[in-house]
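Working notes, structure below.
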2 protein chains.
Amino acid sequence: MTTYTKADRAPLTERQEARRRRILRATTQLAARGGYESVQMREVAELSEVALGTLYRYFPSKVHLLVATMYDQLDQLHAQLRRRPPRSAGSRERVVDTLLRAFKGMQREPHLTEAMMRALQFADRSVGAEVDTVSRETTTMILEAISGDEPAGEPTAEDLAVIRVITHTWHSSLIAWLNGRASIAQVRTDIETVCRLIPED
Amino acid sequence: MTTYTKADRAPLTERQEARRRRILRATTQLAARGGYESVQMREVAELSEVALGTLYRYFPSKVHLLVATMYDQLDQLHAQLRRRPPRSAGSRERVVDTLLRAFKGMQREPHLTEAMMRALQFADRSVGAEVDTVSRETTTMILEAISGDEPAGEPTAEDLAVIRVITHTWHSSLIAWLNGRASIAQVRTDIETVCRLIPED
DNA sequence: GCAGTTACTGAAACTTGTTCTAGATTACGC
DNA sequence: GCGTAATCTAGAACAAGTTTCAGTAACTGC
C-alpha cells in the first residue's frame, strides 16, 4: 500500500514552489480574517506578490484555491494526529475523539473554516479531482482512528459506507454551525450519533 | 398542532402573488435546463417579465431565490407523499422508501436538483431563516415517515439528532452524486446505512 | 552561452451578481 | 375620485470572479 502525504502534482521549480506556498499562505491569512468573501482573487494575488494571471495559472478558480487550502490544512491536522493519536479504548471512541479534536481546531479559526468548507460544498464537477483528494485524506484519517495501533487490513465496503456517512455528517454539521444554525453542542451530538454506526469492538 | 403548508410571508396582492409564481416558475425552468449557473438573475427577470429590481425585491439574492425554489419543490413532494405515503413495515423502511422516492424524483431533473442543492449548501447566515424553513419541512417529512399511521407523539431529542444526521447525509450524498463523485448505488447505500440509526420497531 | 519555449507581469476587458436612480404605475385610506 | 405612499420599470453603475493580451523574464536543451 502506498501512502501519499502530498498530492501528486506536476513538478515545480523552487521559485514556483515558493510562489505556490505564498499563495496558499495569503489565502489562509485572508480567509482567517473574514471568511469566504474576504478571499478576493485580486487581494490574494497582491498579498502573495503574484500577477492575477499567475494566480489563475496555479489555481484555476477561487474554489480550486480554497479546496487546495483545505487540503493543506487537513494535511497539517493529519500530521498532528499521527504525532499524538487518540488513545481511547474503542475504535468508535477514537473516531469521535479525532473529529472532536478537529472541531476544536476549527473553532479557533472559524472564518478560515467557513471559507474552506463553503468552497468544498460549493465545488462542482470541475473541482472533482481536488475534492476527491480531500475526501481520500479524510477517509484515511478516519480509517487510522478506527484501526488504532492494529495492523489495519483492507477496509470493507461496509467500512467505507460508514465512513462516507460520517464525513457527510461532519461536513454538513460544520456548515450548519458556521452559519449559526447549529450549536457547538449539536455538532458534538451529531458526531456522536453518526459514530454509533461504527460497530463496537 | 398547527400545520403550515405554506411558509408565513407578508400578505401579497393577487398581482404580486402572480409575479412571485412567475419568478419561481422561470427559475425552475432555467435551473432544469442548465443547473445553478444557468439561473442568471437577468434571465430570470426577463423570463418572468419583471424588472431586475423587482426580482431583487422579492428575493434578495440568487441563493434566496433558489432556496425558495427548493422549498416550493419540497412542498410538492411532501403533498405527494401525503397522498401516497410509504406503506412499508417498519419506520426505518418507511424513511428509506421516502428518501429513495425523493431521490428518484430528483434523478428526473438533475440540473434542477443541482441548482437547488448547491444553493442550499452554499447559503450563508443571511439565508438562515429560509434554510431553516426548508430544514423544518424536511424534518417533518421524515418524522411523518417514522410514525406512519400512528398518532406520533412529540419527537425526542434523540429522534431529532438522528433526523439531523439523516438530512446531513442526504444532502451531502446528493451533492456528491450530482458532481459525479458518487454513483446512484452509493447514494442508495449511504441512505440505507444512515437509516440504521433509526431503532427498529 | 544561445535559441526557443514556457512562465510571469501589468493592465484592460468581459461576465454576472448586486445596487442605485429617476420616472411611471398601482394600491390604499379617506 | 384624490392624494399619498408604496411598488414597479428600464437602465446605468458597481463589484468581484475570470479571461485575454502584449511585453518581459526565466528555464531547457543543446
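Residue numbering restarts at 1 for every chain, and letters A, B, ... go by the order of the sequence lines.
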Can you tell which of [options] lies closest to the side chain of [X]?
X: Met41(B); options: dC27(D), dG17(C), dG10(C); value: dG17(C)
X: Lys62(B); options: dT18(D), dC8(D), dT18(C); value: dT18(C)
X: Tyr56(B); options: dT19(C), dT18(D), dT9(C); value: dT19(C)
X: Arg19(B); options: dT9(D), dG10(C), dG17(C); value: dT9(D)
X: Arg57(B); options: dT9(D), dT9(C), dC8(D); value: dC8(D)
X: Gln40(A); options: dG17(D), dC8(D), dC8(C); value: dG17(D)

Take atom [atom1] of [X] and atom [atom2] of [N], then tell me their distance rounded to the nearest Å.
X: Asp124(B); N: dG17(C); atom1: CG; atom2: P; value: 16 Å
X: Phe122(A); N: dG17(C); atom1: CZ; atom2: P; value: 10 Å
X: Leu55(A); N: dA11(C); atom1: CG; atom2: P; value: 17 Å
X: Leu66(B); N: dG17(C); atom1: CG; atom2: C1'; value: 12 Å
X: Arg20(A); N: dA7(C); atom1: CZ; atom2: P; value: 15 Å
X: Tyr36(B); N: dT16(C); atom1: OH; atom2: C1'; value: 11 Å
X: Arg22(B); N: dC8(D); atom1: CZ; atom2: P; value: 10 Å
X: Phe59(A); N: dT19(D); atom1: CZ; atom2: C1'; value: 19 Å

Using only atom types and a distance under 3.5 Å, with no angle test, would you say the side chain of [X] pairs donor to acceptor with the backbone of [Y]?
X: Arg164(B); Y: Thr139(B); result: no
X: Asp72(A); Y: Thr69(A); result: no
X: Arg92(B); Y: Arg196(B); result: yes

Practice problem: Would you kindly compare Arg15(B) and Ser61(B) by the position of their nearest DNA chain C nucleotide and give the one closer to the 5′ end? | Solution: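 Looking at DNA chain C, the more 5' nearest nucleotide goes with Ser61(B).
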
Quiz item: In terms of the nearest nucleotide of DNA chain C, which residue is placed more toward the 5' end: Arg42(B) or Tyr58(A)?
Solution: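 First, find each residue's nearest nucleotide; the 5'-ward one identifies Tyr58(A).
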
Exercise. Look at the side-chain N and O atoms of Gln16(A) and state whether any lies under 4.0 Å from the OP1 or OP2 oxygen of dA26(D).
Key: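 No, no such contact exists.
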
Quiz item: Using a cut-off of 4.0 Å on non-hydrogen atoms, how would the nucleic acid contact of Val44(B) be classed: base, sugar-phosphate, or nothing?
Solution: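 It contacts nothing in the nucleic acid.
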
Quiz prompt | Sugar-phosphate only, base, or nothing, as touched by Val63(A) at under 4.0 Å among non-hydrogen atoms | solution =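 Nothing, no nucleic acid heavy atom in range.
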
Quiz item: Would Lys62(B) count as a cation-pi partner of Tyr36(B), with NZ or CZ less than 6.0 Å from the six-membered ring centre and within 45° of the ring normal?
Solution: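 Yes - Lys62(B) lies over the ring of Tyr36(B), closer than 6.0 Å to its centre and within 45° of its axis.
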
Quiz item: Out of curiosity, Trp177(B) CH2 to Ile175(B) CD1, how far, rounded to the nearest 0.5 Å?
Solution: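 Rounded to the nearest 0.5 Å, the CH2-CD1 separation comes to 11.0 Å.
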
Self-check item: Nearest-nucleotide comparison on DNA chain D, the residue closer to the 5′ end among Leu52(B) and Glu49(B)
Solution: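 Here Glu49(B) is the residue nearer the 5' end.
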
